[in-house]
Structure formats: C-alpha cells, structure tokens
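Everything on this sheet refers to the single structure shown next.
Protein chains get the first letters and strands the later ones, always in sequence-line order, with residue 1 at the start of each. Both backbone and side-chain heavy atoms feed into the values below; hydrogens, waters and symmetry mates do not.
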2 protein chains.
Amino acid sequence: MILRAAEKVFGERGFAASTIADLAREANTALGTYYIYFESKNAVFRELVLEMGTLTRRVMSDAVDGAPNRLEAERLGLRAFLGFVAERPALYRIVEEARFVDPDAYRDYFTQFAAAYQDQLERAEAAGEIRPGNAEVRAWALMGIAKNLGDQFALNGGADLDKIADEGFDLIRNGLAP
Amino acid sequence: MILRAAEKVFGERGFAASTIADLAREANTALGTYYIYFESKNAVFRELVLEMGTLTRRVMSDAVDGAPNRLEAERLGLRAFLGFVAERPALYRIVEEARFVDPDAYRDYFTQFAAAYQDQLERAEAAGEIRPGNAEVRAWALMGIAKNLGDQFALNGGADLDKIADEGFDLIRNGLAP
DNA sequence: GTGAAATATGAATCAGTATTCATGTTTTAT
DNA sequence: ATAAAACATGAATACTGATTCATATTTCAC
C-alpha cells in the first residue's frame, strides 16, 4: 500500500530526499502507479498528516477517557503521547516536516488540537480542578512540553518513557494545581 | 552581504524553494559570486544556524544576567526569547528547518543549549531556589514551552508578548517553586 | 466468454537548478 | 605605474527527478 510505503520512506529519509521511485519501490509497484492514487508528490504527504491528526486525536482521547480529573488526564495524556511517538516515529517526523512541506496542513493540525485542549482546560478551571489562568497560552505551553519531550526522548527509543512522563508531569501538576 | 540575504530569502521561502539565484539577487551579486564565499547551498544554511546559536546564547545570558534567583531568570529568559523570535523570525524559522536540512547542526544547537540549561537548574535546585526534580527532563520541557509559545505567538507578530510571557511564566513558576 | 472499465507499467519527457569555469574587473603591494 | 592576487561575472554544464502517456494487464458486468 502506497500510503504505508510513503510513511516509511518519508519518515526515514525526509521529504526532499525521497523520490517517487523510492515510494513506488517500497510499495512494490511501478513508478507510474503512484499517480493513479495521488495527484503529486505532496499529496501523500498531506494525506499522512491528516491521518496523523485523526490518530493522535483518537490516541489522546482514548488515553484520557475516564480520567477522574484534569490533572490525571494530563498525566495519562502525556504518557500516551510519548508512547505514540515511540510507536510511530515516522508519522511524527512527517508532521513536523509538514511545517515546511505543507504549512496549511501543519497549522490545521496543531490549531485544531490546541482548540480542543484549550476547551478542556477551561472546563477544568470552571470545575475548580486547576488554578485560574489563560487557557490558550497554557494549551500551547503544555503542547510544547509534550512535543519537546517527544522529540528528545521518545523519537529515538531507549528512554524510559514512564519516567520521562512522570518527571514531566511533576512540572505540569505543580504548574496547574489549584 | 550574502549571509543576510540568505537569512531573508531562506526565512521567507524556506530552503527548498530558495535558489542560489535568489540568494545572489537578494545580495545584489552575480550567481557565481555565491561560490566564492560558500561551498554549497547547504553551507550558508549551516552558517546561519551557527550564528543563531551564538546569538541566542548571548540574548539569553544577557537577559538572565543579574536575575536574583532562578525563577526570576525563567521569567526574564522567556520574555527575552519571545522578543528575540519576534525580532529575527527568519533566523528562528531557519533553525527549525535545520532539523531537516542539516540535522547535525540542529541537534548541536539544542543539545548545547539544553546542557547549559540543565546545569542552571541543578545549581538552582542545590541552592534551594526550586523544588527537587529531574533537571534534564525539566530543561527539555521548559525549552518546549518557550519554543511552542514562540512559534505560536511571537513568530507572526501582533501578540502581546509581555502578556504571553506572564501567562507562560505562571505555569513555570508554580511548576518549579519549592 | 466477451468487451468495457479500471488498474498497472516504466520509458520518455521536460523543467528546474546546483555547480563549474573561462573570462573580466578591482584591489593591493611595491 | 604595474603585475600579481583577489574578487566578480553569468552563460554553459550536468544531472536529477517529478510528471506524462502509450501500451499492457486485470477485473467485472452481462
């Protein structure tokens, strides 16, 4: 399947260094077959970013579902995110590269995520589960923590993600607790 | 000067969409002149990342210099970082793109920064200025906050950076305070 | 079983652009 | 003032790789 081949190739070599021939070879098809399924080289890339959006939302909402309160949701969410990055590093790299390859897709991805996050924080504040504060700035700051810990500790394997998540959550818990 | 022209062109269009001819035109020189000063298209890019490293370190150490304690240093540092991103957006974008164009330069940039940051946090912990915790994870988490707030609020102008820094610092202060 | 539609193939096209280089021009040292 | 060194020029080179397309092959409806 071309989409999976593209995930692998783009994730390993990056967009610029990957050729349509590479994608086709990885997918065990002829070069021209690519264009039966996708308009252009960029098209799969966008598709992968969209897929990552759906997946991330699912992973995160599954992880957080049933958390008794926002702080616990933060802990579970951070751990799940790190695990997801470790499991699908290629997809994660592709989203980051989308910032330069397909800026619209990149912006949509994070803007949508941030809006939902902000909403959660506002509810939590209203429920008295976290200290009052600017939910928009907090959402982006917390996403920044997750992204950077993911980049540094989850992307290349070898790190103890439970530990990283605990240490990261320590900062978040005290940062947000009422 | 070719380096400044490259900062502008790469910052605006990104690496792939910029041609040597673009750089030369922006610098008011002939195309071939570029190769008197740089080995390859990538060479200026690396040069710009190195420059950004020096500049960031200077900006941050100037900002933090004289802070009475680590928490105040965090506040000043975050504000200074956001201001720097707003002032040199092109340079900032270039560093981010370096992740894909020149991964070694990118890694060096952040690894070096993180090591210094970690060191500061360890000293602060020893001095009792912040609660005990894992300095390495904290350093990357705090860098993540700054990066993401910079991306979202400083890069495109229009935001009230004092306010963003204050809101962001609120999270950090409570997250780190003893 | 047959023809039409859908899908697959990969050689050829075609455009773009990094890099080179033969040829000026300017600067510097004496 | 002059020759060597340094710097500048941009047309030509050399190559890469996205996209197209004429030609199979397979699938499917009847």
Side-chain angles (χ1 to χ4, degrees), chain A residues 1-52 90-91 93-106 108, chain B residues 1-52 90-91 93-109:
Chain A
M1 188 206 192
I2 290 175
L3 199 65
R4 292 282 72 76
E7 174 180 346
K8 179 159 185 238
V9 174
F10 281 145
E12 278 170 1
R13 313 185 196 185
F15 184 79
S18 304
T19 70
I20 302 289
D22 291 334
L23 304 185
R25 192 175 318 118
E26 179 69 32
N28 291 311
T29 64
L31 191 164
T33 306
Y34 176 87
Y35 288 92
I36 295 170
Y37 297 95
F38 297 97
E39 280 271 309
S40 65
K41 187 181 173 187
N42 284 65
V44 232
F45 208 87
R46 164 165 293 168
E47 197 76 23
L48 286 167
V49 173
L50 294 179
E51 186 185 65
M52 177 71 170
L91 218 39
R93 269 187 240 263
I94 286 163
V95 172
E96 286 303 310
E97 191 166 10
R99 175 168 183 174
F100 304 101
V101 172
D102 191 336
D104 287 345
Y106 182 80
D108 289 351
Chain B
M1 190 207 188
I2 289 174
L3 197 67
R4 292 281 72 78
E7 175 181 346
K8 180 160 184 235
V9 173
F10 282 145
E12 279 170 359
R13 312 185 196 186
F15 184 79
S18 303
T19 69
I20 303 289
D22 291 334
L23 303 184
R25 192 176 317 117
E26 180 67 34
N28 292 310
T29 63
L31 193 164
T33 306
Y34 176 88
Y35 288 92
I36 295 170
Y37 295 95
F38 297 97
E39 281 272 308
S40 65
K41 188 182 171 186
N42 284 63
V44 230
F45 207 86
R46 166 166 290 168
E47 196 75 23
L48 286 167
V49 174
L50 294 180
E51 186 185 64
M52 178 71 168
L91 217 40
R93 268 187 241 264
I94 286 164
V95 172
E96 285 304 309
E97 192 166 11
R99 174 167 182 174
F100 304 101
V101 172
D102 191 336
D104 287 345
Y106 181 81
R107 181 161 15 74
D108 288 352
Y109 175 90

Hey, what are the protein-to-nucleotides 18-21 of chain D N/O distances that come in under 3.5 Å?
residue: dA18(D); atom: OP1; partner: Lys41(A); partner atom: NZ; Å: 3.1
residue: dA18(D); atom: OP2; partner: Ile20(A); partner atom: N; Å: 2.8
residue: dT19(D); atom: OP2; partner: Tyr35(A); partner atom: OH; Å: 2.8
residue: dT19(D); atom: OP2; partner: Lys41(A); partner atom: N; Å: 2.9
residue: dT19(D); atom: O5'; partner: Tyr35(A); partner atom: OH; Å: 3.4

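Residues in residues 37-52 of chain B take part in these side-chain hydrogen bond (donor to acceptor under 3.5 Å, both in side chains) pairs, two or more places apart or across chains: Arg4(B)-Glu51(B), Arg46(B)-Asp102(B). Every pair tested for salt bridge (charged side-chain N to carboxylate O under 4.0 Å, His left out) that includes a residue from residues 29-38 of chain A fails, sequence neighbours excluded, so the list is empty. Counting only residues at least two apart or on different chains, the side-chain hydrogen bond (donor to acceptor under 3.5 Å, both in side chains) pairs with a member in residues 15-33 of chain B are Lys8(B)-Glu26(B), Arg13(B)-Asp22(B), Thr19(B)-Asp22(B), Asp22(B)-Arg25(B).
Taking every heavy atom of both residues into account, Gly11(B) and Ile94(B) meet most closely at N-CD1, 4.0 Å. Across all their heavy atoms, Val49(B) and Tyr109(B) have their closest contact at O-CD1, 4.2 Å.
Under the side-chain contact (heavy atoms from CB on, under 4.5 Å) criterion, Arg99(B) pairs with Tyr92(A), Glu96(A), Asp151(A), Leu155(A), Tyr106(B), sequence neighbours left out. Residues forming a side-chain contact (heavy atoms from CB on, under 4.5 Å) with Ala6(A) (at least two apart in sequence, or on another chain): Phe10(A), Leu23(A), Val44(A), Leu48(A).
In this entry the distance linking CZ of Arg25(B) with C1' of dG10(D) reads 13 Å, nearest Å.
No engagement by Phe38(A) is indicated, since no non-hydrogen atom pair under 4.0 Å with the nucleic acid exists.
Distance check: Phe100(A) CZ to Glu97(B) CD gives 5.0 Å after rounding to the nearest 0.5 Å.
Between Thr29(B) and dA8(D) there is no side-chain N or O to OP1 or OP2 distance below 4.0 Å.
Once you apply a 4.0 Å limit to the heavy atoms of chain B, the touched nucleotides of DNA chain C run 5' to 3' over dT17(C) to dT20(C).
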